[in-house]
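Letters A, B, ... mirror the listed sequences (proteins, then strands); counts begin at 1.
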Amino acid sequence: MGSTSTKIKLRTSDQKVFEVEKAVAVHVIHVHSVSGDILSKILDYCKKHVNSAAGKEDISPEELYEWDANFVKVDQNTLFDLILAANCLKIESLLDLTCQTEIRTTFNIKNDYTIEAEEAVRRENKWAFDMLGV
Amino acid sequence: MEGLAMLRQLIGQLQDLLHLYGSPPPPLPPSSPFHLLHLHQLPHPFHDHHRRWCFPNINDTSAEDYYSLVMAAGKSGNCKMLEPFKPPPSKRSRKERNRGKLPGSTPASEVMDQEIWKEFPEDLFEAVIARLPIATFFRFRSVCRKWNSLLESQSFSHHCAEIPLANPWFYTITHENMNVGAMYDPSTKKWHHPTISFLPAKMIALPVASVGGLVCFLDIGHRNFYVCNPLTQSFKELPARSVKVWSRVAVGMTLNGNSTNEGYKILWVGCDGEYEVYESVKNSWSRPGSMPSNIKLPLSLNFRSQAISIDSTLYFMQSDPEGIVSYNMVSGVWKQFIIPAPIHLSDHTLAECEGRIMLVGLLTKNAATCVCIWELQKMTLLWKEVDRMPNIWCLEFYGKHVRMSCLGNKGLFMLSLRSRQMNRLVTYNVMSREWMKVPGCVLPRGRKRQWIACGTAFYPCLTATA
């Protein structure tokens with residue numbers, strides 16, 4: 001049983017069971033507070049990002065950025081649930097993405113960053129909230 | 001006008017609630033970066049101590065705008081403006097109340113309605129953001145360019161200056177990596193490792209003093225001073241001193257006014273009585289005079305102790321005679337006080353809390369070692385013990401040779417206790433008299449605990465510039 005094919009089972013608050021590859025689910029997960037719909041969306045997100053980072057999927061940074069932008073085009077309730085779940089599951093990049101979107105949507109703020117500028121700002125300031133830096 | 005009456009009622013409700021929650025709110029979970037959202041969730045109101053809401057004067061002509069706003073909200077189905085300010089309904093299950101929200105089952109009133117919040121007054125953004133936890137501020141910088149450039153905004157700087165001082169952070173240097181700092185935030189109990197180092201590679205500079213959010217560093221090799229805001233890396237190398245002093249010096253730092261906007265001063269003093277003062281406004285060193293004859297020379301400065309500053313006066317610990325030497329940055333006056341040290345004392349340092357002069361040190365009697373806190377009785381110039389570390393913690397050091405260094409001596413003290421195989425970090429809060437353990441300092445993606453060599457406390461201020 002190689003590490004790439006190790007699977008993990010996740011059970012959600014509404015008793016749905018998901019099976020995922022270990023690479024996709026890197027942390028110890030408490031999913032009893034996340035519903036099936038939200039977890040399924042989150043797994044999509046994680047798979048997309050892991051595959052693109054590992055080179056399994058041929059996708060440019062701009063295309064990934066656009067995919068992310070579409071990912072968060074959901075109603076406010078769903079967005080809010082995604083934020084809480086990303087926080088609970090400690091998925092930093094998703095938390096950033098959803099929080100920024102929520103703020104911009106709520107206060108009607110235009111994102112005037114280019115992709116590169118936004119990446120640069122995020123990298124520069126990451127030290128302050130890097131959850132892995134205990 | 002019915003709408004206006006509703007608005008008045010709402011404002012009245014808000015003001016009542018603000019009075020109700022006059023005491024500091026319960027701490028929000030540290031992993032929740034989202035304090036803005038909590039605006040509409042009670043009983044967790046705004047995470048600040050200084051709720052100054054600019055309520056519009058509804059008697060002036062702008063009332064029309066707010067009237068239409070309320071009506072629009074009313075038309076959209078449920079008037080969400082009123083609902084979020086009610087206390088949560090008691091019929092929510094205890095599990096929900098305790099855990100917060102369950103994703104996937106969000107009641108509609110929890111989401112911030114864009115209809116209302118997109119009208120949020122521009123000038124309030126800065127007031128709100130200034131009161132967010134530091135880590136949250138850095139996260140929000142990627143929302144838009146304006147929020148990123150708040151650090152350069154004068155008005156934002158004013159908002160930051162108005163906030164009462166919270167707990168200090170600690171800037172430390174680790175043994176393993178002496179040219180990169182590790183910062184500790186006691187409110188979230190997290191270590192931070194800023195990736196950008198402002199010093200040239202391989203240069204070792206030790207933090208020696210701090211004031212108003214700025215930390216002063218002294219480099220071991222060249223005797224140069226640097227001043228830096230550890231949060232923003234705003235940094236300045238000070239001009240060379242006019243006096244070449246190759247022996248050890250003690251350093252102190254004071255503000256000219258209430259914030260670094262009005263400038264700061266740095267003093268170094270050597271055992272032979274030589275001293276100089278740096279004035280940030282003029283960006284130059286000067287020698288205001290020489291040590292007066294009533295001060296006994298050489299000064300046996302205790303270099304293991306950090307200096308303290310209370311208003312414009314610096315206090316340094318000296319060993320022979322035991323006591324304190326002080327310098328007033330405004331009047332230029334030196335004073336010397338003879339104060340006998342407690343017996344069996346070692347590794348002691350001066351500290352301060354709200355203008356009170358204190359002493360922290362190790363008391364070793366027979367094989368037992370304990371950390372003790374004293375306060376200076378100004379009338380008698382004697383140290384009086386006011387607290388000591390809980391016995392159960394001291395037991396760990398029983399029979400062992402322990403050294404202690406102080407990593408922060410302002411209001412919340414941080415101490416490093418080392419024996420041959422052990423390094424314990426603790427904090428002591430003078431006001432609450434609480435002793436707390438500090439989690440080990442581990443680099444991001446690392447596992448090994450770092451050994452902390454030295455450090456200083458600093459009050460985090462986003463807008464302090466060197």
What's the shortest heavy-atom distance between Glu118(A) and Ser142(B), and which atoms?
CG-O, 4.2 Å
Distance-minimising heavy-atom pair for Ala135(B) and Ala128(A):
CB-O, 3.2 Å
Rounded to the nearest 0.5 Å, how far apart are CG of Asn148(B) and CZ of Arg122(A)?
12.0 Å
dist Phe138(B):CZ -> Lys126(A):NZ (nearest 0.5 Å) comes out at 14.5 Å
Which residues satisfy the salt bridge (charged side-chain N to carboxylate O under 4.0 Å, His left out) test with Lys48(A), sequence neighbours excluded?
Glu57(A)
Using the test salt bridge (charged side-chain N to carboxylate O under 4.0 Å, His left out), find all partners of Asp96(A) that sit at least two apart in sequence or belong to another chain.
Arg139(B)
Yes or no on side-chain contact (heavy atoms from CB on, under 4.5 Å) for Trp147(B) and Ile103(A), after CA distance, side-chain angles and deciding distance?
CA-CA 12 Å; Trp147(B) 286 25; Ile103(A) 294 179; 3.5 Å; yes
Hey, which of Arg141(B), Met183(B), Lys146(B), Arg145(B) has the most heavy atom pairs under 4.5 Å with chain A?
Arg145(B)
Set of side chain to side chain contact (heavy atoms under 4.5 Å, CB included) partners for Thr465(B), sequence neighbours left out:
Ser234(B)
Only heavy atoms, only distances under 4.5 angstrom. Which residues in residues 108-117 of chain A are near chain B?
Asn108(A), Ile109(A), Lys110(A), Asn111(A), Asp112(A), Tyr113(A), Thr114(A), Ala117(A)
With heavy-atom distances below 4.5 Å as the criterion, would you say the side chains of Trp127(A) and His193(B) are in contact?
no
Hey, is CG on Asp58(A) packed in by over 12 heavy atoms from elsewhere, all under 6.0 Å?
no
